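What's counted below: heavy atoms across the whole structure, side chains too, no hydrogens, waters or symmetry copies. Keep in mind the model is a prediction, meaning the values are calculated, not measured.
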Amino acid sequence: MKLLVTGGAGFIGTNFILYWLKNHEGDEIVNLDKLTYAGNLENLTSIEKNPRYSFIHGDICDSTIVNKVMEGIDKVVHFAAETHVDRSISGPAVFITTNVVGTQILLDAALEHKIKHFHHISTDEVFGQLEIESHDKFSENTPYNPRSPYSASKAASDHLVRAYFHTYGLPITITNCSNNFGPYTFPEKFFPLAITNILEGKKVPVYGDGKNVRDWLYVEDHARAIDLVLNKGKIGETYVVGGLQNGISNIDALRKILTIMGKNEDSIEFVKDRPGHDRKYDIDWSKIHNELGWEPIFTFDEALKKTISWYTENETWWENIKSGEYASYYQKQYPHS
Ligand code: NAD
Ligand code: DAU
């Protein structure tokens, strides 16, 4: 089978490609990526000479390139997106272009090339937020209620994907996953920002009161969920994917990181809250569990230790990022740090 992966030079796409090539020996992967600030080919040097892997530098909004790469493809796994909520607040336009228009261009090309299965990677943020005290969880039946330009753009893309199924019969599936963590996460996201700041002897900026709750999942568990949906998922269906059973607050997650890294709470710095900051996400992943037999393999604590070890052992990877273009983003985002 030949897979087209979009956005494979980013965090989850990289982990997915490495996972897939290891676990599906006969398959080939074509990776289409624009290499935005978040795309990094260094992630994939271990497979760049693998005959089952090829890279195409291109934009999902460019229909000429997209139609060319779709030739001979069996299945598409669509990760490419602008993904950072804070960046969507300071500059929403590119989120609409890539996440909405880019997805529509891929869907048109998938129809044209009679793709057998188009799998769209989405987020739990499309459902909005839960109250901290609430015992509710997001499921496949939760109404959409996105609250940031990022989540609104992802919601729009989900609607388009479903519309192409109902209107044109394009064979699609969607997964809406909670917060991922693990190797190769760009250090703008909370966990790698915390770990690398601690390694640099800097404080960790915590938004608001630090009590916002997230449902964290180790990235390899997400890759296995996508694998199951691609192989056994029912066409036209959506599956929500999550990790922790009751989530964890940012401050408690940070305390765990500090303990593992042998630091105390002097490293915490409370900063101005993110506008429209979603209070809590929590996922009821019983559908994918009951229908496809998926559940997370990694415990949160064990995966956190693995992730911290990876950043500790791969200083050059994140130092290159932090000393480049990202440094001026950091200055603007955290002016008082
Ligand atoms: P990322 O920001 O690390 O990587 C995004 C990748 O997409 C980069 O390689 C980038 O170069 C590429 N890209 C961006 N615009 C492009 C364009 N116009 N054309 C081609 N390539 C382009 O993102 P990630 O965290 O790996 O997220 C991947 C997908 O998973 C996204 O769709 C995101 O919404 C979804 N998701 C992420 C999380 C999470 O916790 N990170 C959780 C649930 C869902
Ligand atoms: O839920 C899935 C989503 O998870 C994905 O769709 C997004 O692409 C991904 O970026 C992530 O969104 P979040 O906004 O939840 O992730 P982030 O790592 O930016 O923030 C996690 C929490 O930590 C959130 O409550 C905000 C907080 N935070 C974040 C940063 C960057 C801080 O307290 N300080 C920070 O400096």
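- Taking 4.0 Å as the cut-off between side-chain N and carboxylate O, R255 and D252 count as a salt-bridged pair.
- For the residue pair T299/E302, the side-chain donor-acceptor check at 3.5 Å is satisfied.
- Annotation: salt bridge (charged side-chain N to carboxylate O under 4.0 Å, His left out) contacts involving residues 21-37, sequence neighbours excluded, comprise K34-D59.
- The list of salt bridge (charged side-chain N to carboxylate O under 4.0 Å, His left out) pairs with a residue in residues 111-131, not counting sequence neighbours, reads D74-K116.
- The list of side-chain hydrogen bond (donor to acceptor under 3.5 Å, both in side chains) pairs with a residue in residues 89-98, not counting sequence neighbours, is empty.
- For T196, the side-chain hydrogen bond (donor to acceptor under 3.5 Å, both in side chains) test picks out K322, with sequence neighbours left out.
- Between Y53 and N31, the side chains place a donor N or O and an acceptor N or O closer than 3.5 Å (distance only, hydrogens not considered).
- Residues passing the salt bridge (Lys or Arg N to Asp or Glu O under 4.0 Å) test with D301 are K256, sequence neighbours excluded.
- Applying the salt bridge (Lys or Arg N to Asp or Glu O under 4.0 Å) rule to D282 yields the partners K137; only residues at least two apart in sequence or on another chain are considered.
- Judged as a side-chain hydrogen bond (donor to acceptor under 3.5 Å, both in side chains), and not counting sequence neighbours, T123 has no contacts.
- Members clustered with V126: F127, L130, F138, Y144, L217, L228, V229, Y239, V240, V241, Y281, I283, W285, I288, L292, W294, by chain and number, using a 4.5 Å side-chain heavy-atom cutoff among hydrophobic residues.
- Every residue two or more places apart in sequence or in another chain that forms a side-chain hydrogen bond (donor to acceptor under 3.5 Å, both in side chains) with Q104 is listed here: D108.
- In this structure, a donor-acceptor pair under 3.5 Å is present between the side chains of T173 and H117.
- Applying the salt bridge (charged side-chain N to carboxylate O under 4.0 Å, His left out) test to residues at least two apart or on different chains, the pairs with a partner in residues 81-104 are D86-R274, R87-E188.
- Ring centroids of Y184 and F11 are separated by 6.0 Å or more, keeping the two rings apart.
- A side-chain donor from one of D158 and N176 sits under 3.5 Å from a side-chain acceptor of the other.
- Listed by first and then second residue, the ring-ring contact (aromatic ring centres under 6.0 Å, His included) pairs that reach into residues 20-41 are F16-W20, W20-H24, Y37-F186, sequence neighbours excluded.
- For the residue pair N180 and W216, no side-chain donor N or O sits within less than 3.5 Å of a side-chain acceptor on the partner.
- Residues forming a side-chain hydrogen bond (donor to acceptor under 3.5 Å, both in side chains) with N320 (at least two apart in sequence, or on another chain): none.
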